[in-house]
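Single-structure report; data block below.
Lettering of chains follows the sequences in order, A, B, ..., and the numbering in each one begins at 1.
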Number of protein chains: 2
Amino acid sequence: MAYESALRCLADPTRRRVFERLREGPRAVGELAAGLPVSRPAVSQHLKALKDAGLVLDRAEGARRVYFIDPEGLGELRRWLDWFWDQALDAFKHEAETQPPRRRPARGTPSSERKKP
Amino acid sequence: MAYESALRCLADPTRRRVFERLREGPRAVGELAAGLPVSRPAVSQHLKALKDAGLVLDRAEGARRVYFIDPEGLGELRRWLDWFWDQALDAFKHEAETQPPRRRPARGTPSSERKKP
DNA sequence: CACTTTCGTAAGCCATGACTTACGGTAAGC
DNA sequence: GCTTACCGTAAGTCATGGCTTACGAAAGTG
């Protein structure tokens with residue numbers, strides 16, 4: 001139920017940049033905003049979204065507020081992706097076995113183009 | 001460079017439902033739309049987005065058009081997530097070691113190992 | 001105390017995108 | 001031939017959300 005919010009969070013480019021900078025280690029809001037082309041309140045809002053999604057944790061450090069990645073959020077997303085991956089791969093292999101017996105299904109199998117009028 | 005579009009695609013709930021139904025196997029557009037609360041053109045647009053992101057492939061089957069999951073797109077997203085996970089976990093552990101014991105009770109830090117395809 | 005720094009929130013603006021209906025084009029059936 | 005089924009695209013509507021500026025709270029400094 002939480003991998004959905006994680007996906008939503010990581011879909012936004014700016015929010016992903018914030019999250020990727022936290023990969024280097026704990027950072028305060030101002031530090032994060034200094035390296036981004038958006039204002040500090042924007043970063044604050046992104047951090048709130050990341051926190052609600054369980055992707056980051058925060059810690060008060062005087063007047064500053066330090067954020068850092070919570071591995072639990074990423075872990076849940078990773079587990080969902082693995083679970084999905086397994087089933088998708090099985091379906092794909094089963095499809096490759098049963099469907100195209102004629103020609104070799106290797107390179108340019110699926111027809112993506114249509115005729116032009 | 002493609003994991004970003006994959007994240008964007010999977011962020012939308014309806015598009016994710018389309019993708020999750022394809023996990024069961026190849027489906028035509030009409031079949032997918034029949035089980036969803038949106039119109040068929042909407043599903044068609046979602047499938048185009050999924051295809052542009054490298055998450056699905058399609059095949060002409062008479063007048064119908066059958067879509068199915070392309071494991072390559074998911075694989076790239078999975079590789080990015082793994083790479084991110086490793087660095088984030090290192091940073092988190094390093095943080096837990098150097099910072100004073102202001103940590104939460106740690107309800108099971110996720111295991112670091114995993115299978116490799 | 002006054003003043004600064006750091007940050008979160010509120011209010012508003014505005015572009016993005018998800019959805020609809022309408023239409024054209026291709027394949028199969030009669 | 002005509003008709004039906006299936007699908008992609010165009011055009012337009014409308015809500016979502018990312019961004020800004022403005023303001024207030026909390027902690028540190030002199």
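- Taking only side-chain nitrogens and oxygens, B/R8 never comes nearer than 4.0 Å to OP1 or OP2 of C/dT16.
- Between the CG atom of A/D52 and the P atom of D/dG17 there is a distance of 13 Å, rounded to whole Å.
- Between B/E31 and B/R21, none of the side-chain N atoms (NZ, or NE/NH1/NH2) sits under 4.0 Å from a carboxylate O, so this pair counts as no salt bridge.
- A/R15 comes within 4.0 angstrom of sugar-phosphate atoms only, judged by non-hydrogen atoms across all strands, and of no base.
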Would B/D82 and B/R78 count as a salt bridge (Lys or Arg N to Asp or Glu O under 4.0 Å) here? Give the steps.
CA-CA 6 Å; B/D82 282 354; B/R78 222 167 74 106; 5.3 Å; no

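- The 5' end of DNA chain D is approached more closely, in terms of each residue's nearest nucleotide, by B/R40 than by the other of A/G62 and B/R40.
- Considering only the side chain of B/P41, C/dA22 comes nearest among C/dC19, D/dC19, C/dA22.
- Among the atoms of the strands shown, only primed sugar atoms or phosphate atoms (P, OP1, OP2) are found under 4.0 Å from some heavy atom of B/A28.
- Comparing D/dG18, C/dC7, C/dT21 against the side chain of A/H46 picks out D/dG18 as the nearest.
- Contact check, B/T14 against C/dA18: no side-chain N or O comes under 4.0 Å of OP1 or OP2.
- Between A/A6 and A/A53, the shortest heavy-atom contact is N-CB, 4.2 Å.
- In this structure, CZ of A/R59 is placed 16 Å from C1' of C/dT6, rounded to the nearest angstrom.
- The side chain of B/S44 places no N or O atom within less than 4.0 Å of a non-bridging phosphate oxygen (OP1 or OP2) of D/dT9.
- Using a 4.0 Å cut-off, some side-chain N or O of A/S39 falls inside it from OP1 or OP2 of D/dT20.
- A salt bridge between B/E4 and A/R17 is absent, with no side-chain N of the basic residue lying under 4.0 Å from a carboxylate O of the acidic one.
- The base of D/dT20 sits with one of its N or O atoms less than 3.5 Å from a complementary donor or acceptor on the side chain of A/Q45.
- Distances shorter than 4.0 Å separate none of the side-chain N or O atoms of B/Y67 from OP1 or OP2 on D/dC6.
- Salt bridge annotation for A/R59-A/E61: present, with a cationic side-chain nitrogen under 4.0 angstrom from a carboxylate oxygen.
- At whole-Å resolution of the value, NZ in B/K48 and C1' in C/dG17 are 15 Å apart.
- Picking from C/dC19, C/dT5, C/dC7 the nucleotide with the shortest atom distance to the side chain of A/A63 gives C/dT5.
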